[in-house]
2 protein chains.
Amino acid sequence: MAPSRRDHLVDTALELFIRDGFHATGIDKILAESGVAKMTLYKHFKSKDELILSALRRRDEHFRNWFMRAVESRAQAPRQRLLAIFDALDEWIGGRDFNGCMFINASAEFARADNPIHVAAAEHLRLVLAYVRELATAAGARDAEALARELMLLAEGAIVMAHVAGQADAAKNARRAARTLVDHAFA
Amino acid sequence: MAPSRRDHLVDTALELFIRDGFHATGIDKILAESGVAKMTLYKHFKSKDELILSALRRRDEHFRNWFMRAVESRAQAPRQRLLAIFDALDEWIGGRDFNGCMFINASAEFARADNPIHVAAAEHLRLVLAYVRELATAAGARDAEALARELMLLAEGAIVMAHVAGQADAAKNARRAARTLVDHAFA
DNA sequence: GAATAAATATACAGATCGGTCTGTCTTGTC
DNA sequence: GACAAGACAGACCGATCTGTATATTTATTC
């Protein structure tokens, strides 16, 4: 079954938003790239912001799905999975299409905390943090919440250092630090 | 001596760029806010991008100046200064005007690595990292480069978690993790 | 006080923005 | 074959964008 026009639109928008940013990507470029008519877009979405929100939702789904599979396929032991987070991160960062975290970027362009787009970005981080907390709990960390938050800091920091400063080995540095923190959390 | 029109322009632009972002801040808004004429702007800057670059340079100067003073006024012992980084960070994040890191935001809006604005953002992180490395070296860490990079990850991660997810205590979590990493680096 | 330089106001150009409207063409169903 | 739904093309709207041109006012300096 062919993807619906709506899905195709969201996929195309997602790609362009990640590559060029939100403000820099005009409606017309999305339409030209996807071959969809303008009226079709506005039949499915009330505004560009709604399209952005749909793209963020899809990205959140895809990313977390990929991430959880990547972590869990790399290690069975819960404690090893906490480190596998950074192996997955390294794979992502090293990929050809890496262009930073879409949600960090969205928060940058829609800075006010009450903007629905910013709220969606915050929710994404909340969900990823919840997953890391699950891993930490399963591993039996003394303070799973604290450990999860610390590992999140390393992960987000690695994304930033890789994207902004071009540090290709950021995830490897993060993994080394994570091992120290994990060891300490179980000592 | 009154600040020059040029300086006033850069200061106003800086404020608006931090608050609303780069693409979302039009030339006209900067002019209206600063009370400067358009021709004056284009006498001093060839383009908006040049104004952005000037704003980034000023921000880099101001921020690193503030940051180094904030760290060094909080602790004398080099090893304590490594932790004071996160106390300074906490003060910044808790401030009323905190709106994320301007350089992370710039890299988000100007995503291509060869864009001069992106390059300027990368340079800022490089300089901050160099300072942290100095602190780590002065403290006599076994591997100052590695420790500095790890602490940078925590710092950038804290900025992201605070701005995107609204985690007001991100710097405190980062400080806790930093203590573990620092202790480990001297063990 | 005249000359000079700088900043001003204002209008405008040309492009692009998000979004609307009209009308045509295709497609599937009865 | 008639009909309805949905996607298409493309003109169009007002607003806004960066950047330019012109002409006036202000301030400094000799």
Side-chain angles (χ1 to χ4, degrees), chain A residues 1-58 102 105-106 108-112 115-118 120, chain B residues 1-57 105-106 108-112 115-118 120:
Chain A
M1 152 171 163
S4 74
R5 303 309 278 158
R6 188 182 188 282
D7 285 345
H8 183 220
L9 216 35
V10 173
D11 285 336
T12 306
L14 191 50
E15 207 173 308
L16 293 175
F17 288 150
I18 289 178
R19 198 188 64 189
D20 299 330
F22 299 94
H23 284 96
T25 300
I27 289 286
D28 290 341
K29 198 189 291 178
I30 297 169
L31 296 175
E33 195 84 8
S34 62
V36 171
K38 197 176 266 196
M39 276 312 291
T40 305
L41 189 158
Y42 283 99
K43 190 151 294 179
H44 290 295
F45 305 96
K46 283 198 314 186
S47 64
K48 183 187 180 182
D49 279 11
E50 294 252 331
L51 175 58
I52 292 176
L53 283 171
S54 284
L56 288 176
R57 276 193 286 271
R58 176 155 310 174
M102 191 187 192
N105 297 351
E109 294 207 43
F110 305 91
R112 298 184 49 167
N115 184 307
I117 294 171
H118 194 123
Chain B
M1 149 170 165
S4 73
R5 304 308 275 157
R6 188 183 189 282
D7 284 346
H8 183 220
L9 216 36
V10 174
D11 285 337
T12 307
L14 191 51
E15 207 174 308
L16 293 174
F17 287 151
I18 288 177
R19 199 188 65 189
D20 298 330
F22 299 93
H23 284 97
T25 300
I27 289 286
D28 289 341
K29 198 189 291 177
I30 297 169
L31 296 175
E33 195 85 8
S34 63
V36 172
K38 194 175 270 196
M39 276 312 291
T40 305
L41 188 158
Y42 282 100
K43 191 151 295 178
H44 290 295
F45 305 97
K46 284 197 316 184
S47 65
K48 183 187 181 182
D49 279 11
E50 294 253 331
L51 175 59
I52 292 176
L53 283 171
S54 284
L56 287 176
R57 276 192 286 269
N105 296 351
E109 294 207 42
F110 305 91
R112 297 184 49 168
N115 185 306
I117 294 172
H118 195 125

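Each chain gets a letter, A, B and so on, in the order the sequences are listed, and its residues count up from 1.
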Atom [atom1] of [X] and atom [atom2] of [N]: how far apart are they, to the nearest Å?
{"X": "B:Leu41", "N": "C:dA6", "atom1": "CG", "atom2": "P", "value": "16 Å"}
{"X": "A:Asp49", "N": "C:dG19", "atom1": "CG", "atom2": "P", "value": "7 Å"}
{"X": "A:Leu9", "N": "C:dG19", "atom1": "CG", "atom2": "P", "value": "13 Å"}
{"X": "B:Leu51", "N": "D:dC17", "atom1": "CG", "atom2": "P", "value": "15 Å"}
{"X": "B:Met39", "N": "C:dA7", "atom1": "CE", "atom2": "P", "value": "11 Å"}
{"X": "A:Ile30", "N": "C:dC17", "atom1": "CD1", "atom2": "P", "value": "10 Å"}
{"X": "A:Lys29", "N": "C:dG18", "atom1": "NZ", "atom2": "P", "value": "10 Å"}
{"X": "B:Lys43", "N": "D:dT22", "atom1": "NZ", "atom2": "P", "value": "13 Å"}

Report task. Kindly compute the distance separating CD (B:Glu109) from NE2 (B:His118), expressed to the nearest 0.5 Å. Result -> 12.5 Å
Query raised in the report: With under 30° as parallel and over 60° as perpendicular, where do the rings of B:His23 and A:His23 fit, or are they tilted in between?
Result: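 The rings of B:His23 and A:His23 lie parallel, inter-plane angle below 30°.
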Query raised in the report: Want to settle it: does A:Asp28 or A:Lys46 sit nearer the 5' end of DNA chain C, counting the closest nucleotide to each?
Result: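 Its nearest nucleotide lies further toward 5', so the answer is A:Asp28.
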Query - B:Leu51 vs B:Ile30 side-chain heavy atoms within contact, under 4.5 Å - result: yes
Report task. Decide yes or no for B:Ser54 and B:Arg6: does some side-chain heavy atom of the first lie under 4.5 Å from some side-chain heavy atom of the second? Result -> yes
Query raised in the report: Counting side-chain heavy atoms from C-beta on, which of C:dC17, C:dT20, D:dT20 comes nearest to A:Lys38?
Result: C:dT20
Requested in this report: Check if the side chain of A:Lys48 and the base of C:dG19 share a donor-acceptor pair of N or O atoms closer than 3.5 Å.
Outcome: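 There is none.
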Query raised in the report: Is the distance from OP1 or OP2 of D:dC8 to the nearest side-chain N or O of A:Thr40 less than 4.0 Å?
Result: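 So the side-chain polar atoms of A:Thr40 do come within 4.0 Å of the phosphate oxygens OP1 or OP2 of D:dC8, strictly under.
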